[in-house]
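Excluded from the calculations below are hydrogen atoms, water molecules and symmetry mates; all remaining heavy atoms, backbone and side chain alike, are included. Given the structure is predicted, the values throughout are model-derived calculations rather than measurements. When a residue number appears, it is its place in the shown sequence, counting from 1.
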Amino acid sequence: MGRPLIGVSTYLESSVRWGVWDWPAALLPAYYPRLVRAAGGLTAMLPPDDPDTAAQVVARLDGVVIAGGPDVEPVRYGADRDARTGPPAPERDAWELALIEAALASGTPLLGICRGMQLLNVALGGTLVQHMDGHTGGTGVIGRHTVRPVPGTLYAGIEPGEASVPTYHHQAVDRLADGLVVSALAEDGTAEAVELPGAAWALGVQWHPELGEDTKVMEALVEAARARVDCPV
């Protein structure tokens with residue numbers, strides 16, 4: 001087959017300037033399609049839409065990426081808002097949760113990046129830590145730290161050794177959802193990757209592979225997408 005079509009969710013901003021225009025825009029940092037291309041896939045942007053259409057959208061894709069972005073609204077996991085939690089993005093929450101549900105239901109390979117990993121946990125009934133320190137390089141500065149794979153997991157099969165990864169987050173998994181397993185840990189014990197064993201390919205990573213030089217995680221998603229299309233269930 002050709003290059004698998006990977007759908008990547010996008011930001012939705014009320015005001016974005018380019019040229020003489022200042023308009024609402026659905027946008028995606030260019031690092032994401034560059035990484036998909038480097039891993040052998042094609043990118044389709046998935047701006048927030050009617051959640052009821054998510055299954056139709058996913059049916060046309062070979063793989064799904066839930067991109068990083070704003071904090072998940074705490075009501076989604078039954079928590080009161082912490083003062084340090086960022087502004088809500090209800091349209092993104094609803095749309096991306098529907099994309100996750102559709103991907104899991106259809107067996108479409110799914111990768112959650114940062115916010116996307118957190119949403120995967122929330123979608124399956126888990127909760128989040130609303131604030132933590134030490135996983136950024138400062139406001140607006142990407143940090144780096146080491147993650148350690150958990151032996152026997154999908155992620156360990158992708159990267160069997162410790163890896164230094166680009167990171168920028170102040171929230172993380174608190175209560176792990178039923179069915180998920182932790183597949184990588186930071187030095188402070190933070191869950192840095194989670195996955196859903198026994199289902200279609202479903203992995204979340206807390207770091208930002210699109211901001212680094214390592215393409216292994218995205219390559220694994222693209223290969224899973226290619227295998228699913230070549231050998232449909």
(request) Go through the steps to decide whether Leu110 and Leu104 satisfy the test side-chain contact (heavy atoms from CB on, under 4.5 Å), and finish with yes or no. (result) CA-CA 8 Å; Leu110 171 68; Leu104 295 179; 4.1 Å; yes
(request) With salt bridge (charged side-chain N to carboxylate O under 4.0 Å, His left out) as the test, would you mind laying out the steps for Glu73 and Arg76 before giving the verdict? (result) CA-CA 6 Å; Glu73 193 166 11; Arg76 296 286 180 178; 5.0 Å; no
(request) Go through the steps for Leu35 and Leu211 under the test side-chain contact (heavy atoms from CB on, under 4.5 Å), then give the verdict. (result) CA-CA 9 Å; Leu35 178 61; Leu211 297 176; over 6 Å; no
(message) Let's go through Ile113 and His208 carefully: what are the C-alpha distance in whole Å and the side-chain angles of both, what is the deciding distance for side-chain contact (heavy atoms from CB on, under 4.5 Å) to 0.1 Å, and is it a yes or a no?
(response) CA-CA 6 Å; Ile113 292 176; His208 284 271; 4.0 Å; yes
(request) For side-chain contact (heavy atoms from CB on, under 4.5 Å), just list the numbers for Thr136 and Ile142, CA-CA rounded to whole Å, side-chain angles, deciding distance to a tenth of an Å, and then say yes or no. (result) CA-CA 6 Å; Thr136 75; Ile142 302 299; over 6 Å; no
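Using a distance-only test at 3.5 Å, with no hydrogens or angles considered, no donor-acceptor pair links the side chain of Arg3 to the main chain of Ala39. In this structure a side-chain-to-backbone donor-acceptor pair under 3.5 Å is missing from Trp201 to Leu221. With hydrogens and angles disregarded, no donor-acceptor distance shorter than 3.5 Å links the side chain of Tyr155 to the backbone of Gly204. With hydrogens and angles disregarded, a donor-acceptor distance shorter than 3.5 Å links the side chain of Thr153 to the backbone of Ala156. In terms of modelled atom types and a separation under 3.5 Å, the side chain of Trp23 and the main chain of Trp18 share no donor-acceptor contact. Not a single donor-acceptor pair under 3.5 Å links the side chain of Arg81 to the backbone N or O of Val75.
Closest non-hydrogen pair, Ala202 versus Leu154, comes out as O-CD2, 4.5 Å. Minimum heavy-atom separation, Gly179 to Leu196: O-CD1, 3.4 Å. The heavy-atom pair separating Val141 from Tyr168 by the smallest distance is O-CD1, 3.2 Å. The two atoms that bring Ala55 and Ala102 nearest to each other are CA-CB, 3.8 Å, heavy atoms only. Taking every heavy atom of both residues into account, Ile100 and Gly116 meet most closely at CD1-O, 4.5 Å. What you find for Gly212 and Pro166 is that their closest heavy atoms are N-CG, 3.8 Å.
A 4.5 Å side-chain heavy-atom check between Val36 and Met218 finds at least one atom pair inside the cut-off. Contact of the Thr85 side chain with the Gln171 side chain is registered, since non-hydrogen atoms from C-beta on lie closer than 4.5 Å. Thr53 has its side chain within reach of Trp95: a pair of non-hydrogen atoms, C-beta onward, lies under 4.5 Å apart. Between Ser9 and Arg92 the shortest side-chain heavy-atom distance falls below 4.5 Å. Within the 4.5 Å cutoff, no side-chain heavy atoms of Leu97 are placed close to those of Pro51.
Shown here is Glu101, whose CD atom has no more than 12 heavy atoms of other residues, nucleotides or ligands within 6.0 Å. Heavy-atom contacts from other residues, nucleotides or ligands closer than 6.0 Å to OH of Tyr11 number more than 12. Within a 6.0 Å sphere centred on CD of Glu91, heavy atoms belonging to other residues, nucleotides or ligands number 12 at most.
The line from CH2 of Trp207 to SG of Cys114 is 11.0 Å long, rounded to the nearest 0.5 Å. The distance from the CD atom of Glu187 to the OG1 atom of Thr146 is 4.5 Å, given to the nearest 0.5 Å. The distance from the CD atom of Gln118 to the CG atom of Asp71 is 7.0 Å, given to the nearest 0.5 Å. Interatomic distance, Thr127 OG1 to Asn121 CG, rounded to the nearest 0.5 Å: 7.0 Å. Once rounded to the nearest 0.5 Å, the distance linking CE of Met117 with CG of Leu128 reads 9.0 Å. With rounding to the nearest 0.5 Å, the separation of OG in Ser106 from CZ in Arg228 is 5.5 Å.
Residues satisfying the side-chain contact (heavy atoms from CB on, under 4.5 Å) criterion with Ala79, sequence neighbours excluded, are Pro74, Tyr77, Gln130. Residues satisfying the ring pair (Phe, Tyr, Trp, His ring centres under 6.0 Å) criterion with His169, sequence neighbours excluded, are His135. Remark: Arg115 engages Asp93, Glu96 in a salt bridge (Lys or Arg N to Asp or Glu O under 4.0 Å) (not counting sequence neighbours). In this structure Arg17 satisfies the salt bridge (Lys or Arg N to Asp or Glu O under 4.0 Å) test together with Asp22, sequence neighbours excluded.
Sorted by first and then second residue, the salt bridge (charged side-chain N to carboxylate O under 4.0 Å, His left out) pairs involving residues 141-165 (not counting sequence neighbours) are Glu159-Lys216. The stretch residues 125-138 participates, sequence neighbours left out, in no salt bridge (charged side-chain N to carboxylate O under 4.0 Å, His left out) pair at all.
In this structure, Leu119 is a member of the same hydrophobic cluster as Val182, with clusters built from ILVMFWY side-chain heavy atoms closer than 4.5 Å. Side-chain heavy atoms closer than 4.5 Å link hydrophobic residues (I, L, V, M, F, W, Y) into clusters, and following such links, possibly through other members, connects Leu124 to Val58. Following chains of ILVMFWY side-chain contacts shorter than 4.5 Å, one can reach Val194 starting from Leu185, so the two form part of one hydrophobic cluster. If you chain together hydrophobic residues whose side chains sit under 4.5 Å apart, Val16 and Leu12 never meet in one group. Under the 4.5 Å side-chain heavy-atom criterion for ILVMFWY residues, no single connected hydrophobic cluster contains both Val181 and Val150.
With 3.5 Å as the limit, one finds no donor-acceptor pair spanning the side chains of His145 and Asp188. Between the side chains of Glu192 and Ser183, not a single donor N or O lies within less than 3.5 Å of an accepting N or O.
Looking at Val65, Leu61, Val8, Leu28 one by one, the single match for side chain to side chain contact (heavy atoms under 4.5 Å, CB included) with Leu46 turns out to be Leu61.
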